[in-house]
**Student:** 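The structure is given below, and queries will be raised subsequently.
Whatever order the structure lists them in is the order used to number ligands and atoms, beginning at 1. Nothing here was measured: the structure is a model prediction, and the numbers come from that model.
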Amino acid sequence: MCGIVGYIGQQSAATLLLEGLKTLEYRGYDSAGIALAPGDGAFRVTRASGKLVNLQGRLDPRDPATLGIGHTRWATHGRPTEENAHPHRSGDGKVVAVHNGIFENFLELRKELQDKGESFLSETDTEAFPVMVSHLLKGGVTFTEAFRQALGRMEGIYAIACLHADDPNRILAARSGPPLVIGLGEGENFLASDVVPLLRHTRRVIFLEDGDLAELTRNGVRIFDLQGKELHRPIQNIPYDPVAAEKGGFKHFMQKEIFEQPQAISNTLLNRLPIEASEPIPLELPFTDEDLKSLQRIHIVACGTSWHAGLVGKFLIEQLARTAVEVDYASEYRYREPVIPEGTLIIGITQSGETADTLAAMKEAASRGARTLAICNVLGSTATRTAEATILTHAGPEIGVASTKAFTTQLAVLTLLALRIGEAKGTVDPKLRAELLQGLRELPAHLEHISALEPRIIQWAQRWRDASDFLYLGRGPLYPIALEGALKLKEISYIHAEGYPAGEMKHGPIALIDKDLPVVALMPKDSHREKTLSNLQEAAARDGRILGLVTQGDRGLDGIAEDVLELPEVHPWLAPILYVLPLQLLSYHIAVLRGCDVDQPRNLAKSVTVE
Ligand code: M6R
């Protein structure tokens with residue numbers, strides 16, 4: 001959740017660390033701090049509560065120190081105050097550390113260290129670490145040894161970086177859970193929670209594995225296990241264009257990412273659509289046709305928006321591959337002792353590839369014999385490194401905390417996967433397959449067309465910006481899109497919203513309907529249309545204010561809805577990819593009109609690496 005950066009080299013660390021933190025602010029933004037080691041036996045630690053800009057105002061950009069670590073926080077233990085902001089120091093001021101994760105035994109360690117005369121200044125779990133390192137150093141061991149021994153005392157998960165004022169030529173870092181990446185330079189080296197801050201400086205990176213301890217000096221990087229044995233981790237070249245992680249003229253990352261969806265979908269489909277009708281879908285899977293044929297059951301685990309993608313995936317896989325699919329919240333699955341018969345594939349859907357619950361659920365299933373597949377947007381993330389197979393979504397970096405293009409590309413990948421499994425099992429009708437493939441090819445153009453409807457959606461936003469509740473209704477594969485529309489609105493505008501299957505409305509939510517409740521209705525021309533229409537008539541009869549999304553030319557909501565947007569005609573099973581875009585825009589514009597912080601909504605973080 002939190003963001004970590006580290007630098008050791010020849011340049012001003014203050015400037016580089018601050019730049020790095022700016023690109024990581026999406027990971028947490030309730031306080032931030034930087035520790036610089038000028039090499040005179042002390043640290044200059046600057047911290048501030050609130051957004052990074054508060055820290056920026058306090059830092060001297062001309063500070064000559066060339067070694068430092070920084071942090072942007074998403075509070076777990078202790079309020080988001082300056083005292084609780086990282087870096088944390090030992091009582092003697094000789095050791096500083098930044099940490100992402102949770103030390104579960106910190107109260108016990110704190111008491112033990114206090115009994116030995118050490119003092120604490122914050123409410124955080126993290127502070128136990130530098131205090132422990134400093135305490136061990138007093139026993140005469142080296143910094144590296146003290147760091148290693150302190151890690152051995154910590155229970156929980158961590159990505160951590162640590163400096164010692166009397167040893168100002170190294171950064172020590174370690175990982176067990178949350179990600180940590182090293183960027184390799186010439187006469188300088190970098191450390192960060194993900195690759196984005198590194199890309200301005202280098203494309204050569206090393207992803208630390210759980211249990212790794214890294215030592216960064218100006219001239220090199222060495223990696224050890226916790227017993228001190230040296231390890232060799234591969235250097236990877238990251239292809240991302242750093243410009244893709246900048247706003248490029250848009251007001252917010254979220255807006256840019258919504259508008260990038262035509263391109264993102266094209267990138268996701270590139271080289272994955274068969275040229276000849278007789279060819280199988282060229283998905284980069286290590287599974288043979290026999291493996292796919294023998295799949296008896298699929299479990300999908302995910303959180304938030306990715307879970308909504310999983311619900312659409314269930315619909316597609318069951319229709320096209322006639323294989324039973326269960327979709328679970330990862331946080332529930334991991335603790336419910338799931339029944340995993342032979343022939344089960346677990347699919348973890350995770351944009352970041354770092355969501356702790358999803359990773360744990362996949363691990364749980366793998367330990368019970370399931371084969372594992374990750375659908376992920378981040379190359380080199382934990383999910384892609386631990387799953388047996390990965391399908392990358394190629395959406396490009398998604399910086400806005402509210403997921404948009406990562407979601408639609410997940411849906412595109414799930415369509416291909418459902419077709420691929422269906423092909424292997426012989427359950428896909430060739431005509432239907434051809435129709436879906438053609439539909440996929442047309443998606444980018446349709447998404448462009450829908451993006452151009454933004455002015456109409458702004459009108460909806462203006463009219464409904466002060467509503468206190470919203471209801472979203474859909475059926476079949478559009479039901480998860482109703483859920484997603486409601487989640488987007490909640491996340492960034494803080495308006496209460498519910499998504500429901502349209503047919504379920506009469507079993508409860510109908511009681512909410514009155515002239516003040518906007519009802520966003522998803523009604524493409526599909527086998528559910530007539531039923532959805534009846535449900536909307538029921539809502540209209542109770543004065544519900546319906547905002548409809550329908551297929552081009554459909555006049556069914558005339559006289560019922562307050563306004564209707566007509567969307568291009570596609571195969572109904574691809575409609576989720578189109579119908580979500582106006583909902584993303586609606587949430588975005590309502591949030592902007594309400595003055596909300598769209599890219600960094602309160603209490604949220606992009607990558608949820610804690611339980
Ligand atoms: O990185 P993941 O896809 O695993 O993240 C899962 C959720 O935390 C994420 O989708 C969250 O719900 C977003 N804020 C949605 O916009």
Side-chain angles (χ1 to χ4, degrees), residues 1 3 26-29 74 177-179 193-194 196 252-255 257-258 261 264 300-313 327-334 346-363 373-384 386-387 390-393 395-411 413-414 472 480-481 483-494 497 499 580-581 583-588 591 596-611:
M1 306 287 269
Y26 71 91
R27 297 180 70 91
Y29 33 83
W74 186 84
S193 292
D194 72 31
V196 176
H252 297 99
F253 279 111
M254 183 183 177
Q255 190 186 24
E257 288 157 5
I258 292 172
Q261 289 178 107
I300 297 181
V301 289
C303 308
T305 288
S306 295
W307 183 74
H308 298 153
L311 294 177
V312 179
V327 186
D328 260 278
Y329 285 119
S331 55
E332 290 294 317
Y333 186 88
R334 63 186 289 194
I346 178 130
I347 305 178
I349 307 179
T350 166
Q351 177 283 130
S352 61
E354 301 296 350
T355 300
D357 285 321
T358 306
L359 295 175
M362 292 176 74
K363 199 163 159 195
L373 166 66
I375 294 181
C376 185
N377 194 39
V378 181
L379 173 69
S381 60
T382 307
T384 67
T386 48
T390 297
I391 309 179
L392 286 172
T393 43
E398 191 181 69
I399 310 293
V401 164
S403 190
T404 52
K405 62 177 180 171
F407 177 67
T408 41
T409 53
Q410 285 167 349
L411 299 185
V413 158
L414 284 161
Y472 290 74
I481 302 307
L483 293 176
E484 175 60 9
L487 177 64
K488 280 289 86 85
L489 190 70
K490 280 185 271 210
E491 279 189 300
I492 61 168
S493 74
Y494 318 139
V580 75
L581 195 151
L583 306 189
Q584 295 165 344
L585 280 174
L586 179 63
S587 311
Y588 171 76
C596 299
D597 188 341
V598 174
D599 282 335
Q600 294 171 352
R602 72 183 178 206
N603 305 339
L604 295 177
K606 185 74 183 161
S607 168
V608 186
T609 55
V610 293
E611 266 193 60

**Student:** Provide, to 0.1 Å, the distance between atom 7 (C) of ligand 1 and the closest protein heavy atom, together with that atom's residue and name.
**Tutor:**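 For atom 7 (C) of ligand 1, the nearest protein heavy atom comes out as Cys303 O, 3.6 Å.
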**Student:** So Leu483 and Trp307, side-chain contact (heavy atoms from CB on, under 4.5 Å) or not? Walk me through it.
**Tutor:** CA-CA 10 Å; Leu483 293 176; Trp307 183 74; 4.0 Å; yes
**Student:** If the cut-off is 4.0 Å to any non-hydrogen atom of Thr350, which atoms of ligand 1 fall inside it?
**Tutor:**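 That gives atoms 1 (O), 2 (P), 3 (O), 4 (O) of ligand 1.
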**Student:** Restricting to non-hydrogen atoms, name the atom on Gln410 and the atom on Gln351 that form the minimum distance, rounded to 0.1 Å.
**Tutor:**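 Reported closest heavy-atom pair: NE2-N, 3.6 Å.
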**Student:** Within a distance under 4.0 Å of any heavy atom of Thr355, pick out the atoms of ligand 1 and give their elements.
**Tutor:** 1 (O), 2 (P), 4 (O), 5 (O)
**Student:** Quick one: closest heavy-atom pair of Ile346 and Ala361, and the distance?
**Tutor:** CD1-O, 4.1 Å
**Student:** For Ser306, counting its heavy atoms only, list the atoms of ligand 1 lying under 4.0 Å from any of them.
**Tutor:**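 That gives atoms 2 (P), 3 (O), 10 (O) of ligand 1.
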**Student:** Where is the tightest heavy-atom contact between Leu392 and Val378, given as atom of each residue plus distance?
**Tutor:**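 Taking Leu392 first and Val378 second, the nearest heavy atoms are CD2-C, 4.3 Å.
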**Student:** Which atom names give the shortest non-hydrogen contact between Ser381 and Gly353, and what distance separates them?
**Tutor:** OG-CA, 3.5 Å
**Student:** Looking only at distances, can you tell me whether any N or O atom of Glu491, backbone or side chain, sits closer than 3.5 Å to an N or O atom of ligand 1?
**Tutor:** yes
**Student:** For atom 8 (O) of ligand 1, what is the nearest protein heavy atom, given as residue, atom name and distance?
**Tutor:** Val608 CG2, 4.0 Å
**Student:** Counting only heavy atoms not in Lys363, do more than 12 fall under 6.0 Å of its NZ?
**Tutor:** no
**Student:** Identify, by atom number and element, the atoms of ligand 1 in contact range of Thr305, meaning under 4.0 Å from any of its heavy atoms.
**Tutor:** 10 (O), 12 (O), 15 (C), 16 (O)
**Student:** Show the atoms of ligand 1 that are less than 4.0 angstrom away from any heavy atom in Ala402.
**Tutor:**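 Near Ala402, meaning under 4.0 Å from one of its heavy atoms, ligand 1 has 16 (O).
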**Student:** If you count the atoms of ligand 1 from 1 in the order shown, which ones are under 4.0 Å from a heavy atom of Val401?
**Tutor:** 13 (C), 14 (N), 16 (O)
**Student:** Identify the protein heavy atom lying closest to atom 1 (O) of ligand 1, giving its residue, its atom name and the separation to 0.1 Å.
**Tutor:** Ser352 OG, 2.6 Å
**Student:** Can a donor-acceptor pair be found, under 3.5 Å and without considering hydrogens, that links the side chain of Asp599 to the backbone of Met254?
**Tutor:**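 Flag set: sc Asp599 to bb Met254 pair under 3.5 Å.
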**Student:** Side chains of Thr393 and Lys405 only: does a donor on one sit below 3.5 Å from an acceptor on the other?
**Tutor:** no
**Student:** List every atom of ligand 1 that sits less than 4.0 Å from any heavy atom of Lys488, numbering the atoms from 1 in the order shown and giving each element.
**Tutor:**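 Matching atoms, with element in brackets: 15 (C), 16 (O).
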